[in-house]
Amino acid sequence: MARTLLKFAQDRDAYRAKLREHALRWKVAMLDYCITSNHVHLLLDPAQPGSVSGLMREVAGEFAIAYNRRKQRSNAFWGDNYHATVVEDGRYLWECLCYIELNMARCGVVGHPREWGWLGYQEIMGTRQRYRVLDLERLCWRLRARGVEEVQRNLDQSLREQLAREAFKRESCWTESLAVGSRVFLEELQPRVKSRLETEIVEVTDQTWALKEAATPYGQKTGLKIAAKA
């Protein structure tokens with residue numbers, strides 16, 4: 001979504017409410033989120049195949065209808081389909097969560113995640129209690145943490161360290177890859193990934209690997225990229 005269709009607080013609130021409603025319906029655990037004025041980052045743990053696509057389809061459809069009615073417009077709401085990246089549990093999931101949490105600081109909108117009201121930070125840290133979206137119990141399990149207090153301590157320390165050294169570099173592996181994790185994890189996952197292109201495993205940083213679609217040779221035509229892979 002390129003345009004600032006979530007520019008106003010009431011629209012971001014409405015979108016978050018739709019996420020909460022349909023995440024429960026599709027049995028998708030929300031582990032983290034960041035709703036900006038022109039795009040959304042979601043960290044999801046689906047209970048069954050197809051639930052993420054169902055969730056995204058219904059949220060986009062119902063929100064677009066309500067938005068267009070309120071704004072008296074009839075144009076298409078979403079410019080592009082969503083892209084899904086599979087992330088391995090543990091340290092890789094933690095790195096992805098911290099990357100999402102720093103999104104608005106990376107853009108220069110806020111100095112700290114606590115200053116943006118449409119971010120999982122407030123729920124993780126316990127400052128947002130009503131109408132919560134996140135499944136904190138599932139988040140702890142996926143992170144292999146002993147409890148939410150451990151996650152809070154680690155998140156506070158990690159964000160403080162990254163903000164202090166201005167570690168705001170954009171890492172495209174989280175938003176453009178098919179999967180991120182250890183090489184062993186990706187080698188096991190690779191045969192099950194559906195793609196119209198060949199895939200390759202590339203090293204992103206030390207001990208972090210990404211599964212990506214191989215570059216298309218010049219002049220070779222391909223079909224539309226499938227947005228969701230599982």
Side-chain angles (χ1 to χ4, degrees), residues 6 9 12-36 39-56 58-60 63 82 84-106 109-163 167 171 174-175 179-182 185 208 228 230:
L6 296 173
R12 294 192 291 272
D13 286 340
Y15 187 85
R16 179 166 55 191
K18 284 294 179 186
L19 280 175
R20 181 176 184 274
E21 173 188 349
H22 290 287
L24 292 172
R25 166 174 153 72
W26 284 93
K27 294 181 174 58
V28 175
M30 298 276 295
L31 306 184
D32 198 16
Y33 67 91
C34 179
I35 304 173
T36 80
H39 66 280
V40 176
H41 294 286
L42 304 175
L43 191 56
L44 308 174
D45 187 4
Q48 57 189 14
S51 54
V52 170
S53 58
L55 164 68
M56 300 305 297
E58 290 193 358
V59 169
F63 184 78
Y82 72 94
T85 300
V86 177
V87 180
E88 186 176 359
D89 283 357
R91 57 161 288 200
Y92 302 101
L93 186 69
W94 175 255
E95 291 175 9
C96 183
L97 183 144
C98 290
Y99 186 76
I100 291 174
E101 289 294 320
L102 287 169
N103 185 77
M104 300 310 291
R106 191 179 304 113
V109 176
V110 299
H112 191 282
R114 72 169 71 92
E115 299 167 15
W116 186 251
W118 299 271
L119 191 62
Y121 179 88
Q122 286 77 13
E123 294 188 37
I124 295 173
M125 301 305 290
T127 56
R128 174 182 165 86
Q129 296 290 336
R130 298 185 63 191
Y131 307 113
R132 291 187 302 181
V133 177
L134 301 188
D135 186 333
L136 296 180
E137 183 177 347
R138 184 71 66 87
L139 175 63
C140 292
W141 179 62
R142 285 298 187 186
L143 290 174
R144 302 166 191 165
R146 287 168 290 187
V148 68
E149 293 82 8
E150 180 181 338
V151 176
Q152 290 171 345
R153 288 194 302 271
N154 291 340
L155 183 60
D156 180 63
Q157 179 180 348
S158 181
L159 294 181
R160 226 177 327 112
E161 292 174 354
Q162 293 187 60
L163 288 168
E171 300 174 6
W174 304 113
T175 57
V180 177
S182 64
F185 174 77
T208 298

Practice prompt. Kindly determine whether His41 and Tyr99 satisfy ring pair (Phe, Tyr, Trp, His ring centres under 6.0 Å), including the steps that lead there.
Written response: CA-CA 10 Å; His41 294 286; Tyr99 186 76; 7.2 Å; no
What are the two closest non-hydrogen atoms of [X] and [Y], and how far apart are they?
X      : Y      : result
Leu163 : Ala105 : CD2-CB, 4.1 Å
Phe185 : Val180 : CE2-O, 4.1 Å
Phe63  : Ala14  : CE1-CB, 3.6 Å
Gly117 : Arg16  : O-NH1, 2.9 Å
Leu31  : Leu134 : C-CD2, 3.5 Å
Gly147 : Cys140 : C-SG, 3.5 Å

Return yes if some donor-acceptor pair links the side-chain N/O of [X] with the main-chain N/O of [Y] below 3.5 Å, else return no.
X      : Y      : value
Glu88  : Leu93  : no
Glu21  : Ala17  : no
Arg12  : Leu6   : yes
Trp174 : Thr85  : no
Glu150 : Arg146 : yes
Thr127 : Gln122 : yes
Arg142 : Gly90  : no
Ser158 : Leu155 : no

Practice prompt. Could you check Arg128 against Glu123 for salt bridge (Lys or Arg N to Asp or Glu O under 4.0 Å), going step by step and ending with a plain yes or no?
Written response: CA-CA 5 Å; Arg128 174 182 165 86; Glu123 294 188 37; 3.5 Å; yes
Evaluate the side-chain proximity of [Y] to [X]: yes if any heavy-atom separation is below 4.5 Å, no if none is.
X     : Y     : value
His39 : Thr36 : yes
Cys34 : Leu42 : no
Val59 : Tyr15 : yes

Fill in: salt bridge (Lys or Arg N to Asp or Glu O under 4.0 Å) evaluation trace for Arg91 with Glu95
CA-CA 6 Å; Arg91 57 161 288 200; Glu95 291 175 9; 2.9 Å; yes
Discussion item. Go through it in stages, so that I can follow the logic: the residues are Glu58 and Arg25, the test is salt bridge (Lys or Arg N to Asp or Glu O under 4.0 Å), and I'd like the CA-CA distance, side-chain angles, deciding distance and then a yes or no.
Written reply: CA-CA 10 Å; Glu58 290 193 358; Arg25 166 174 153 72; 2.9 Å; yes
Worksheet item: So Tyr121 and Leu159, side chain to side chain contact (heavy atoms under 4.5 Å, CB included) or not? Walk me through it.
Response: CA-CA 11 Å; Tyr121 179 88; Leu159 294 181; 3.7 Å; yes
